[in-house]
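Let me begin by presenting the structure, written as structure tokens, before commenting on it.
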Number of protein chains: 2
Amino acid sequence: MANQKLFKGSLNTIILKLLDENGKMYGYEITQKVKLLTKGELNITEGALYPALHKLESEGLLEVEMLKVDNRLRKYYSLTEVGSKETVNKLSELEAYLKTMQTLLTPKLA
Amino acid sequence: MANQKLFKGSLNTIILKLLDENGKMYGYEITQKVKLLTKGELNITEGALYPALHKLESEGLLEVEMLKVDNRLRKYYSLTEVGSKETVNKLSELEAYLKTMQTLLTPKLA
DNA sequence: CAAATATACATAATTTACTTATGCATAAAA
DNA sequence: TTTTATGCATAAGTAAATTATGTATATTTG
């Protein structure tokens, strides 16, 4: 299992990316999706997720819609226009980071 | 420039990896090496580096040797035996993390 | 049928790993 | 001679987590 510490700083990007792919999702769904996609490698805690969603919403990147499904209330989040643009930025930042780390890990060939 | 926030959590691994490659290094040298290797993408601040080195030393992963070079005192750090083993662990954790993140970023093909 | 687990959201207290700012000291360059 | 580079260090503040709770309903299991 990958060190959970390493994921620090990439949570927002993960959320944005998932919403970009899936249109709209609710909190619990995000935690389950991430667990599934990463084969249990990454387990987003609720204490991290919900405050992160609230922050992204307050920053205007996400918008909320309450829906009752099976007599259960869910808060569905989706990207705003601003959020979509920011997603592009965050993703390229993350890709740059991943590339940089790969460079550091790969023994120089020269 | 990659978001510096993303590097949170990977500093120790970077330090260990560099020492593993170069045998021994001093603090300032590490900052310059990282700047060079990442083409300026990552600038390790002194406020992050020195406490990290001290912590790794106190944990028994690094050992120190003071050397006077050109009338300047340098603290050279190198891996202990325990440190070498831990480097292997940290590197595989980091690789697992990078792979996981790549998976999350790559649109599923199924 | 009762108890445990899953679903669903939320927040407060604490911890951790940084950034920012500052300090000291010497050497080299402008 | 003043700035920049080299070299180490630490204190204060901040951001983003973890851990621990709390509430509530639905479903599964023994």
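Model, not experiment: these values are computed from the prediction. When reading the values below, keep in mind they use all heavy atoms of this one structure, side chains included, and skip hydrogens, waters and symmetry mates.
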How would you label the contact of [X] with the nucleic acid (heavy atoms, under 4.0 Å): base, sugar-phosphate, or nothing?
X       : result
A/Gly47 : base
A/Arg74 : sugar-phosphate
B/Glu46 : base

Please determine whether residues A/Val82 and A/Leu18 belong to a single hydrophobic cluster, defined as Ile, Leu, Val, Met, Phe, Trp and Tyr linked transitively by side-chain heavy-atom distances below 4.5 Å.
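Both belong to a single hydrophobic cluster.
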### Task
Could you state whether B/Leu105 and A/Leu105 fall into the same hydrophobic cluster, counting links through intermediate Ile, Leu, Val, Met, Phe, Trp or Tyr residues with side-chain heavy atoms under 4.5 angstrom apart?
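Linked, B/Leu105 and A/Leu105 end up in one cluster.
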Provide, to the nearest angstrom, the distance between the [atom1] atom belonging to [X] and the [atom2] atom belonging to [N].
X       : N      : atom1 : atom2 : answer
B/Lys8  : D/dT14 : NZ    : P     : 13 Å
A/Ile15 : C/dC9  : CD1   : C1'   : 14 Å
B/Ile44 : C/dT19 : CD1   : P     : 9 Å
B/Glu29 : D/dG7  : CD    : P     : 9 Å
B/Tyr76 : D/dG7  : OH    : C1'   : 11 Å
A/Lys68 : C/dA8  : NZ    : P     : 14 Å
A/Tyr26 : C/dC9  : OH    : C1'   : 12 Å
A/Leu56 : C/dA10 : CG    : P     : 13 Å

Verify the contact: side-chain N or O of [X] to OP1 or OP2 of [N], cut-off strictly under 4.0 Å; return yes or no.
X       : N      : answer
A/Lys75 : C/dA10 : yes
B/Tyr28 : D/dC8  : no
B/Lys5  : D/dT14 : no
B/His54 : D/dC8  : no
B/Asn71 : C/dA27 : yes

Can you tell me which nucleotide in [options] comes closest to the side chain of [X]?
X       : options               : value
A/Lys55 : D/dA16, C/dC9, D/dT10 : D/dA16
B/Tyr50 : D/dA17, D/dA9, C/dT19 : D/dA9
B/Arg72 : D/dG7, D/dA9, D/dA17  : D/dG7
B/Thr45 : C/dC9, C/dT20, D/dA17 : C/dT20

Note to self: Main chain of A/Thr100, side chain of B/Thr38: is a donor-acceptor contact present, judged purely on distance under 3.5 Å?
What the structure shows: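 A pair under 3.5 Å: no.
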Could you tell me whether a side-chain N or O of A/Asp70 sits under 3.5 Å from a main-chain N or O of A/Arg72, the two making a donor and an acceptor?
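No; zero donor-acceptor contacts below 3.5 Å.
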Before accepting this row, confirm whether a basic side-chain N of the pair A/Lys99/A/Glu95 lies closer than 4.0 Å to the acidic partner's carboxylate O.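 A salt bridge is absent here (no side-chain N lies under 4.0 Å from a carboxylate O).
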